[in-house]
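Worksheet: one structure, shown below.
All ligand and atom numbering here is 1-based and tracks the order in the structure.
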Amino acid sequence: MSVITAVTAQNSQGVFAVQDISVDIIQKQIEVIFDDIFVDATKIGMVSKTETIKAIADTLSKYKINNLVVDPVMVSKSGFHLLQPDAKETLINHLFPITTVVTPNIPEAEVITGLEIQNLNDIEKAAKIIYKMGPKYVLVKGGHMEGEALDVLYDGQKFNYYNSPRINSKNTHGTGCTLSSAIASNLGKGLSVTESIEKAKIYITLAIENSFPIGKGVGPVHHFYELYK
Ligand SMILES: Nc1ncnc2c1ncn2[C@@H]1O[C@H](COP(=O)(O)OP(=O)(O)O)[C@@H](O)[C@H]1O
Ligand SMILES: Cc1ncc(COP(=O)(O)OP(=O)(O)O)c(N)n1
């Protein structure tokens, strides 16, 4: 079930425009879903602006939500601000405290923490800082580093590492969105956080391996159930 928070005009070459959905209709979309059907897990992606984030956090808090995965989408690959810069604090203060797993990529972890991230030590430092902002688990994704694609999970006490060879593909549109959705789906199926990430990592790796060059820019990852059983 989906709740539309904004409509984007985008293609493989970039994001060109955004129309935010009004706060009232976002709240209503959430309410009619939660009033009707049991929600096993929720994933939040692009939320755009302060009012939207507050509406989502307030409305979700009226329900007993399980398994909230927040992908703190900030700037698209093409450089478009999908989260308005002044909404960063609201994202941290209103959503992180009710989040099960937050999944920043390296540039997002840098913006959230103010650190410059160049190596594993920096990633671990950033994960510890983000953990103190309230989520139960922090997964810093390593897609923007060099070398192997290493994602680092911190649970407040220890680190877990999820590694895969780097795939030489320019068609990586949707990697972060796919990973966070796969984690949420696995949590909804009742898997633990570590199992959910382990399986989601296998899934995204297969989806990148099978990505395809459609359009003039960054093509999409390819996900379909047959890839992953
Ligand atoms: N070229 C690649 N080869 C293998 N895995 C990748 C590659 N690029 C990204 N990933 C993986 O895809 C997932 C999304 O990571 P990332 O690209 O950092 O997030 P985002 O899409 O939010 O920028 C992570 O599991 C990351 O390790
Ligand atoms: C609606 C929407 N959400 C997120 C993005 C980010 O896309 P991209 O920059 O390609 O990064 P990932 O999809 O790999 O996380 C977007 N363009 N639109």
Side-chain angles (χ1 to χ4, degrees), residues 2-21 26 43-49 52-53 69-84 87 91 101-112 117 120 122-123 126-127 130 137-153 160-184 186 194 196-215 217-223 227-228:
S2 54
V3 171
I4 310 296
T5 58
V7 176
T8 63
Q10 65 176 299
N11 60 22
S12 68
Q13 295 176 287
V15 180
F16 297 89
V18 170
Q19 169 85 68
D20 289 308
I21 300 294
I26 292 173
K43 175 252 162 121
I44 298 178
M46 175 186 170
V47 283
S48 191
K49 59 180 190 165
T52 303
I53 299 165
V69 178
V70 173
D71 185 4
V73 173
M74 289 184 175
V75 180
S76 75
K77 286 189 174 73
S78 59
F80 194 100
H81 282 263
L82 297 166
L83 177 74
Q84 293 176 8
L91 185 75
V101 189
V102 65
T103 62
N105 63 20
I106 297 290
E108 289 156 356
E110 289 184 327
V111 171
I112 293 166
I117 299 177
L120 180 58
D122 298 337
I123 291 179
I130 298 170
Y137 293 81
V138 181
L139 181 71
V140 182
K141 300 169 295 190
H144 295 249
M145 301 293 276
E146 295 197 334
E148 295 196 310
L150 174 68
D151 302 342
V152 177
L153 180 72
N160 281 36
Y161 303 93
Y162 304 86
N163 208 357
S164 75
R166 180 161 298 272
I167 300 155
N168 184 16
S169 169
K170 80 170 171 67
N171 302 312
T172 54
H173 193 120
T175 47
C177 306
T178 301
L179 183 78
S180 54
S181 300
I183 295 170
N186 289 334
T194 50
S196 295
I197 296 173
E198 209 170 292
K199 281 178 164 267
K201 179 71 172 163
I202 295 170
Y203 183 78
I204 187 58
T205 305
L206 287 169
I208 299 170
E209 275 171 0
N210 288 277
S211 64
F212 52 99
I214 195 168
V218 177
V221 298
H222 191 180
H223 36 114
L227 268 182
Y228 179 74

>> So for ligand 1, is Gly176 a polar contact partner (N or O within less than 3.5 Å, distance only)?
In response: yes
> With atoms numbered from 1 as shown, which atoms in ligand 2 lie under 4.0 angstrom from a non-hydrogen atom of Thr172?
Replying inline: 14 (O)
> Where does Asp151 meet ligand 1, judged by heavy-atom distances below 4.0 Å: at the side chain, the backbone, both, or neither?
Replying inline: side chain
> Which residue supplies the protein heavy atom nearest to atom 8 (P) of ligand 2, what is that atom called, and how far is it?
Replying inline: Lys77 NZ, 3.7 Å
> atom 4 (C) of ligand 1: which of Gly143, Cys177, Pro165 has the nearest heavy atom?
Replying inline: Pro165
> Looking only at atom types and distance, does a side-chain atom of Thr103 sit under 3.5 Å from a main-chain N or O of Leu139, one as donor and one as acceptor?
Replying inline: no
> Is there a heavy atom in Ser180 that sits closer than 4.0 Å to ligand 1?
Replying inline: no
> Given side chains that start at C-beta, do those of Ile197 and Asp151 come closer than 4.5 Å, heavy atoms only?
Replying inline: no
> Any idea which atoms of ligand 1 are less than 4.0 Å away from a heavy-atom of Lys201?
Replying inline: 25 (O), 26 (C), 27 (O)
> Under a 4.0 Å heavy-atom limit, does Ile208 contact ligand 1 with its side chain, its backbone, both, or neither?
Replying inline: side chain
> Counting only heavy atoms, which portion of Glu108 has something under 4.0 Å from ligand 1: side chain, backbone, both, or neither?
Replying inline: neither
>> Need the ligand 2 atom indices (1-based, order shown) with element for anything under 4.0 Å from a heavy-atom of Val73.
In response: 4 (C)
> Considering only protein heavy atoms, which is closest to atom 6 (C) of ligand 2, and at what distance to one decimal place?
Replying inline: Leu82 CD1, 3.9 Å
> Would one find an N or O of Leu150, backbone or side chain, under 3.5 Å from an N or O of ligand 1?
Replying inline: no
>> When you measure from the heavy atoms of Leu179 to every atom of ligand 1, does any distance fall below 4.0 Å?
In response: yes
>> Give me the nearest non-hydrogen protein atom to atom 2 (C) of ligand 2 as residue plus atom name, then the distance to 0.1 Å.
In response: Gln10 NE2, 3.8 Å
>> I need the nearest protein heavy-atom contact for atom 7 (O) of ligand 2: residue, atom name and distance, please.
In response: His173 NE2, 4.3 Å
> For Thr175, is at least one N or O under 3.5 Å away from an N or O on ligand 1?
Replying inline: yes
> N/O to N/O below 3.5 Å, does that happen between Asp71 and ligand 1?
Replying inline: no
